[in-house]
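So the structure is just underneath, and the comments pick up after that.
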Amino acid sequence: MADPEQLSPRMLESLLGEMEGTTKTAATGKAAASDQGRTREVHRDFFQGMVEQLTSTLHKEFVVRLESEIDRVRLAYAEAMQKEKEGFQEQLWQLAQHLKVPESQKTGEGCAESSSLPEHNLTKEQLQSFEEAAQLNIQVAELLSKRREFLDQPSVPYCKATAVTLKELVKRTETLQEYCNQRLAALTLDFAPKNLAGKAFPVQVQPAVDTVKTVKQRLRAEHDCQSCVVKLCVSQEQVMDMQDLELLMDYDLEQEVTLILVDSLVANPVVRLAFEDPASLAFDSVSGRSGSVDHPDQVVSITTSGRTGVNIQGRGCLVLPKPVALGEEWTISVWTLGPIDVGDHTYRDLVDSMNSQERIAVILARGRLGNYNSNSFIEGFNARDLTSGWHHIAVVGQTRCTTYYVDGQSLGTKRGRARGAIGVVGNSRGCNESWGYMSDFQIFGVAASDAQIKNIYEAGAPSTPDTNAEPWQVAVARCGRGKDHRVDRQAEFRLIFSQPE
């Protein structure tokens, strides 16, 4: 007999009918009609209950099996999609391998170099853009690798049509180069270095064209930290400072990049010439723009005694990208290299207006430090007495007075202060009054306090526990990586750590 749980509702109903018929036949022979009716009612109730129970059981089994089949289909679909993705990636890897042009097929410098293989875990859009770039690279490589029987000869008979065609080809290659440069600039990345407290500072970058310096400027502008020096570091065997002149793509951006904000110690920076790029010595890191150099043969980049700077001689000078105003309050800060030969030339002008000798706010006149235009000089100091090495000079103007500092110590205050636009650094234009050696020139739009001047001096002083480490590296070592607090003011720099959100 078949298992009742395996019967369908229709079969059960047929069986019920047959059994009811059998029951009727059997009941005919019975003597009592009342017994027949009672028996028939009992049988009907029994079989109806059985039908309802079996129907419910089959419905539950159907639901379970349906859900199982849906899960199986979903799993099969996911596996198929994964296999398709892996197959697509494998095709791209094979395509990338084909980009390696054999040496025998290379024809001069124009032949394509081997392309880097794509990173893992790329998105579909990234893989597709790589495929298109790779195909273009292959087409150019194949074109350059083909040998042309007549054009490749050392001497080719002149034909104007040939010349015109080759000229057109040159234009097309220039167009291709321009296109590739545009596509490099279009490669965009959401870059989010984290500070020592783990907070991310997102910024959109173009790694193929943006230098580290450009990214630092963008970080300062978008995250309101214009008064800070920005350091970007990658961790390999040790913490490495990302170099300003290198492209962002020169670094492995898959690794975590650490952002360090180094407080400039004085608010409202207006100008900063760090002299980090020998090709752009008049670059102002505050505005992100480059000025110009008068008599560039007499302005030379130097690195000595642990500092980078310039040596300005003769009529050389640095012209700021835009003149800046010395207002009610201001601070001028510079490092200079001793000893200074005051007999070499009488005047050494640190700053002036765009018009020669109109606003020489800071000058060494026969070694005396002061203001040329007001004929005001500090007593008891002469630059000829500076020892060998780098020394810090600061001048602060406020409340109609000017205070002078050397190596963090106040030399005294003179009445009067310079006001107006400053546009030239290191000389007066057209004059032979060059300053000489200088490093890290800065102008602030506020009057720095005695303590701030001392901190600037201590921040740049060459004496640190590790002679191979920059001041910010020493500060990080003192602070302890990942801790959320400030380095004390005696450290080389104050580090700003934001509280994690």
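Looking only at atom types and distance, the side chain of S428 has no donor-acceptor partner in the side chain of S356 under 3.5 Å away. For the 3.5 Å distance criterion, the side chains of E222 and Q204 fail to qualify, holding no donor opposite an acceptor. Residues T214 and T211 bring a donor and an acceptor atom of their side chains to less than 3.5 Å of each other. D450 and Q452 share no side-chain donor-acceptor pair at under 3.5 Å. Side-chain contact check for W435 and T336: at least one donor-acceptor pair (N or O, by modelled atom type) lies under 3.5 Å. Looking only at atom types and distance, the side chain of T123 has a donor-acceptor partner in the side chain of Q126 under 3.5 Å away.
Shown here for S439 and T308, the closest heavy-atom pair between the two residues is OG-O, 2.7 Å. Between V234 and M242, the shortest heavy-atom contact is CG1-SD, 3.9 Å. Of all non-hydrogen atoms in R289 and P321, the two that sit nearest each other are O-CG, 3.4 Å. Of all heavy-atom pairs between N427 and G314, the closest is ND2-O, 3.0 Å. The shortest heavy-atom contact between F275 and F441 is CE1-N, 4.1 Å. The shortest heavy-atom contact between S333 and I456 is OG-CG2, 4.0 Å.
Put simply, CD on E358 and CD1 on I360 are 10.0 Å apart, with the number rounded to the nearest 0.5 Å. Summarising the geometry, atom CZ belonging to R368 is positioned 10.5 Å from atom CZ belonging to R384; distances are rounded to the nearest 0.5 Å. The CD1 atom of I138 sits 13.5 Å away from the CG atom of L143 when rounded to the nearest 0.5 Å. To the nearest 0.5 angstrom, L259 atom CG is 8.5 Å from F191 atom CZ. Here CG of L166 is found 6.0 Å from CG of L151. Values are rounded to the nearest 0.5 Å. Once rounded to the nearest 0.5 Å, the distance linking CD of E276 with CG of L281 reads 11.0 Å.
The side-chain heavy atoms of N195 and T258, taken from C-beta on, include no pair separated by under 4.5 Å. When side chains are defined from C-beta on, V425 counts as touching L273, because their heavy atoms get closer than 4.5 Å. Here the side chains of D352 and Y372 are not in contact, with every heavy-atom distance at 4.5 Å or above. When side chains are defined from C-beta on, M249 does not count as touching L187, because their heavy atoms never get closer than 4.5 Å. Counting heavy atoms from C-beta outward, L136 and E132 have side chains that stay 4.5 Å or more apart. Taking the side chain as every heavy atom from C-beta outward, W330 and Q398 never approach each other to under 4.5 Å. In this structure, the side chains of K414 and S374 stay at 4.5 Å or more apart for every pair of heavy atoms. Taking the side chain as every heavy atom from C-beta outward, I340 and L364 approach each other to under 4.5 Å.
At least one donor-acceptor pair closer than 3.5 Å links the side chain of D152 to the backbone N or O of R148. Judged purely by atom type and a 3.5 angstrom limit, N311 has no side-chain atom pairing as donor or acceptor with the backbone of V300. Without hydrogens or angle criteria, N382 side chain to D385 main chain gives no donor-acceptor distance under 3.5 Å. Using modelled atom types, no side-chain atom of E329 and backbone atom of V446 make a donor-acceptor pair closer than 3.5 Å. With hydrogens and angles disregarded, a donor-acceptor distance shorter than 3.5 Å links the side chain of R315 to the backbone of G430. In terms of modelled atom types and a separation under 3.5 Å, the side chain of T188 and the main chain of A186 share a donor-acceptor contact. Looking at D210, its side chain never comes within 3.5 Å of a backbone N or O of P207 through a donor-acceptor pair. Side-chain atoms of N373 come within 3.5 Å of backbone N or O of Q357 as a donor-acceptor pair. The backbone N or O of S280 lies less than 3.5 Å from no partner atom in the side chain of S290, so there is not a single donor-acceptor pair.
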Exercise for the section: Starting from the C-alpha separation in whole Å, work towards a yes-or-no answer on side chain to side chain contact (heavy atoms under 4.5 Å, CB included) for Y251 and Q243. Expected result: CA-CA 10 Å; Y251 295 90; Q243 300 301 306; 3.9 Å; yes
Practice task
Kindly indicate, with the supporting measurements, whether the criterion side chain to side chain contact (heavy atoms under 4.5 Å, CB included) is fulfilled by L350 and I332.
Solution key: CA-CA 10 Å; L350 181 61; I332 296 176; 4.0 Å; yes
Practice task
Please assess R366 against T346 for the test side chain to side chain donor-acceptor pair (under 3.5 Å), listing each intermediate value before the final yes or no.
Solution key: CA-CA 5 Å; R366 298 183 178 88; T346 303; 4.8 Å; no
Exercise for the section: Tell me, with the steps shown, if D244 and D277 meet side chain to side chain contact (heavy atoms under 4.5 Å, CB included). Expected result: CA-CA 8 Å; D244 280 354; D277 182 3; over 6 Å; no
Exercise for the section: Start with the C-alpha distance between T303 and R307, add both sets of side-chain angles, then the distance that settles side chain to side chain contact (heavy atoms under 4.5 Å, CB included), and finish with yes or no. Expected result: CA-CA 6 Å; T303 299; R307 298 194 69 89; over 6 Å; no
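Crowding of Y404 atom OH: a count of heavy atoms from other residues, nucleotides or ligands under 6.0 Å exceeding 12. Summarising the local packing, CD of Q409 is surrounded by 12 or fewer heavy atoms from other residues, nucleotides or ligands at distances under 6.0 Å.
No cation-pi contact links K454 to Y405, judged by a cut-off of 6.0 Å to the six-membered ring centre and 45° from its axis. Remark: K199 qualifies as a cation-pi partner of F201 under the 6.0 Å distance and 45° angle criteria applied to the six-membered ring.
Comment: R417 engages E328 in a salt bridge, judged by a side-chain N to carboxylate O separation of less than 4.0 angstrom. Note on D241 versus K231: salt bridge recorded, some NZ/NE/NH1/NH2 to OD/OE distance being below 4.0 Å. For R272 and D284, the salt-bridge test fails: no basic side-chain N is under 4.0 Å from an acidic carboxylate O. For the pair E178 and K171, the salt-bridge criterion is not met [side-chain N within less than 4.0 Å of a carboxylate O].
By the salt bridge (Lys or Arg N to Asp or Glu O under 4.0 Å) test, D190 is found to be paired with no residue, residues two or more places apart in sequence or in another chain being considered.
Aromatic ring orientation, W335 versus H392: tilted (interplanar angle from 30° to 60°).
Checking each of D294, D349, N355 against R429 for a side-chain hydrogen bond (donor to acceptor under 3.5 Å, both in side chains) leaves exactly one that passes, namely D294.
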